[in-house]
Amino acid sequence: MRLSVIGCGYLGAVHAAAMASIGHEVVGIDVDQRKIDALSKGLAPFFEPGLQEILTEGIASGRLSFTTDMGAASGAQVHFVGVGTPQQKDGYAADMTYVNAAVDELIPHLSPGDIVAGKSTVPVGTAATLAERVTPTGATLVWNPEFLREGWAVQDTVDPDRLVAGVPAGPDGERAADILREVYHPSVAKNTPFIVTDYATAELVKVAANAFLATKISFINAMAEIAEVTGADVTQLADAIGHDARIGRRFLGAGIGFGGGCLPKDIRAFAARAEELGRGESVGFLREVDAINMRRRDRAVELVVNAMGGSVFEKKVAVLGAAFKPHSDDIRDSPALDVAVRLHGLGADVIVTDPAAIENARRIHPQLSYAEERDDAIRDADAVVLVTEWDEYRRELPAEHASTLTTGRIVVDGRNGLDADAWRAAGWTYYGMGRP
Ligand code: UGA
């Protein structure tokens, strides 16, 4: 099938390349010339395992191309809209400027029978409003939310857990769902759940999923706060409750909390939308989820300061990690960098290292020092602080090795990713999050 993908950020670039990889002919469209130039050369504009390979293959096969010209969308049967919906500068709601602009620019290029498939994370009610503009062209709007995780984006796009299509009632909606089934033919062939529903449900599935994940993380972080005043160990607590299949262990990783380009802004936008709908109290707990999350960053900083005897002034602190999570170079709302910046603000000599995110971090926080190599960051540090649980720090950094690099013997594990006993046995004072 011929497809267009409007917006070539994390979502769109991966979607375009993944759709080409399953045999479609795809044009990716974005207003950012630099991004398009890179993608056209087969260069992934961000770190995402597997993306580089499918980009190169797609371009070489002639099935994948990129342009800034919206006119290139004409002739495609399905147009995916995957532009960003960041948090508004002066509030919690989502900024819909890019979605509205993308749809407005696309409309003159639509033909009757085309499908416009919204993938951006939007406030519930958006699709119904956009449909009023799309339907008069003879095209059909569907809402087809995306659930990809950064670091696993290619896999999640090619082989998702489930597919959701919000369609209008009637034959146009049924036809649109059938066309989406054709688009996602490999997943349909392997019986991946394909949920056909209305617009509002499809939009809500996305924000509800992210709200649930954020709540799960903040729940365990709240337990960490209780563990801290009772001497309990939150990681053992998580293991124990996680054995209950109804609860499950995933996303019960207590630490410095969630960040990134999705969960933080999505729960805020959801709360703001619920207020607009007169149901603010229904998701009032999301403000608490947000507050718990932000407190964990304070706690990590407090642990480092207390461990250093009450002040980090002029102390050398090695910060392991900058990305908001491993397998990503994304630093948007990164708890890791936030902790680094706060320590720097308290007068510490902070050296940040990260396998993928240093370039991005340096651009936004030039005031911090950076080391390309993990060992260079640790060398002569008074304290080592793990904030992104890359394997390079979690599994592949024996405490004995760290001991050869510095005489500092304080380690703060912001992700509860280290083997506390091993670090203690090597002579380090270990501090976890919500652990004795
Ligand atoms: C999230 C969702 O997981 C995806 O399903 C969704 O499609 C995506 O947002 C989106 O809306 O586009 P992502 O932002 O890539 O994906 O990251 P997650 O893997 O969800 O991690 C989010 C944050 O939570 C990270 O900072 C991570 O370190 C933190 N986290 C995760 C914890 O603190 N503890 C955990 O147990 C798990």
Side-chain angles (χ1 to χ4, degrees), residues 7 9-15 46-49 82-87 94 119-122 144-157 160-164 203-224 234-235 237-239 241-242 247-270 289-290 292-297 299-300 321-339 354 357 386-390 393-394 413-417 433-434:
Y10 274 93
L11 194 170
V14 173
H15 195 70
F46 44 84
F47 175 91
E48 186 60 50
V83 294
T85 51
Q87 186 177 326
K119 291 201 88 59
S120 307
T121 302
V122 294
N144 174 220
E146 181 56 58
F147 305 101
L148 65 81
R149 299 158 297 167
E150 287 180 25
W152 308 93
V154 173
Q155 184 193 315
D156 286 350
T157 306
D161 290 345
R162 77 293 209 188
L163 288 153
V164 175
E203 292 165 320
L204 271 176
V205 168
K206 169 67 196 211
V207 286
N210 277 1
F212 191 87
L213 293 171
T215 303
K216 205 169 172 191
I217 298 169
S218 277
F219 175 84
I220 201 64
N221 278 329
M223 296 306 105
V234 76
T235 58
L237 168 77
D239 290 343
I241 63 172
I247 296 174
R249 181 63 172 83
R250 293 173 77 187
F251 272 68
L252 285 183
I256 56 170
F258 59 82
C262 301
L263 299 193
K265 68 125 173 124
D266 286 355
I267 61 167
R268 290 172 186 169
F270 192 11
V289 165
D290 202 352
I292 293 165
N293 192 51
M294 300 311 286
R295 285 205 295 271
R296 299 319 284 163
R297 304 175 185 193
R299 173 64 182 164
F324 83 106
K325 69 172 192 181
H327 313 290
S328 172
D329 66 355
D330 197 345
I331 56 157
R332 286 178 294 172
D333 203 350
S334 168
L337 263 186
D338 196 13
V339 168
D354 189 285
L386 173 87
V387 278
T388 314
E389 68 277 36
W390 288 94
Y393 314 141
R394 203 168 59 106
D413 184 358
R415 293 293 184 178
N416 290 338
M433 303 285 296

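When a ligand or atom number is given, it counts from 1 through the structure's own listing order. What's counted below: heavy atoms across the whole structure, side chains too, no hydrogens, waters or symmetry copies.
Here the heavy atom of the protein found nearest to atom 2 (C) of ligand 1 is N210 OD1, 3.6 Å. The shortest contact between atom 20 (O) of ligand 1 and any protein heavy atom is with F251 CZ, 3.3 Å. At the shortest separation from atom 28 (O) of ligand 1 among protein heavy atoms lies R415 NH1, 3.2 Å. Among all protein heavy atoms, the one lying closest to atom 5 (O) of ligand 1 is F147 O, 3.0 Å. Of all protein heavy atoms, the one lying nearest to atom 24 (O) of ligand 1 is F258 CB, 3.1 Å. For atom 4 (C) of ligand 1, the closest heavy atom belonging to the protein is L148 O, 3.4 Å. Atom 22 (C) of ligand 1 has L263 CD1, 3.8 Å as its closest protein atom, hydrogens excluded (heavy atom only).
Note: I256 CD1 to D338 CG = 8.5 Å, rounded to the nearest 0.5 Å. Atoms CG and CZ, on D330 and F324 in that order, are 5.0 Å from each other to the nearest 0.5 Å. Between the CG atom of N144 and the OG atom of S120 there is a distance of 11.0 Å, given to the nearest 0.5 Å.
Of all the atoms in ligand 1, the ones that sit under 4.0 Å from a non-hydrogen atom of L252 are 36 (O). Residue D266 approaches ligand 1 through these ligand atoms, each under 4.0 Å from one of its heavy atoms: 11 (O). Atoms of ligand 1 found under 4.0 Å from any heavy atom of E146 (numbered from 1 in listed order, with element): 7 (O). Residue E150 approaches ligand 1 through these ligand atoms, each under 4.0 Å from one of its heavy atoms: 15 (O). In the vicinity of K206, heavy-atom distances shorter than 4.0 Å reach the ligand 1 atoms 6 (C), 7 (O), 10 (C), 11 (O), 12 (O).
Crowding of F219 atom CZ: a count of heavy atoms from other residues, nucleotides or ligands under 6.0 Å not exceeding 12.
Remark: distances from the non-hydrogen atoms of G253 to ligand 1 include one below 4.0 Å.
Of the N or O atoms in F324, one or more lie within a sub-3.5 Å distance of an N or O in ligand 1. Between E389 and ligand 1, no N or O atom pair is found at a separation short of 3.5 Å. Note: no N/O pair closer than 3.5 Å links L213 and ligand 1 by distance alone. Ligand 1 has no N or O atom lying under 3.5 Å from any N or O atom of I217, backbone or side chain. Remark: ligand 1 and R149 share no N or O pair separated by less than 3.5 Å (distance only, no angle test). Considering both main-chain and side-chain atoms, K325 comes within under 3.5 Å of ligand 1 through a nitrogen or oxygen pair. In terms of polar-atom proximity, defined here as any N/O pair under 3.5 Å, G259 does make such a contact with ligand 1. Where the criterion is an N or O separation shorter than 3.5 Å, residue side chain and backbone included, P335 fails it with respect to ligand 1.
Of the listed residues (G414, G257, G255, C262), the one carrying the non-hydrogen atom nearest atom 9 (O) of ligand 1 is C262.
Between E389 and R394 there is no salt bridge, since no side-chain nitrogen of the basic residue lies less than 4.0 Å from a carboxylate oxygen of the acidic one.
Contact annotation: for L11 versus ligand 1, there are no heavy atoms closer than 4.0 Å.
Each of T235, L252, N416 was checked for a side chain to side chain contact (heavy atoms under 4.5 Å, CB included) with I220, and the lone residue meeting it is L252.
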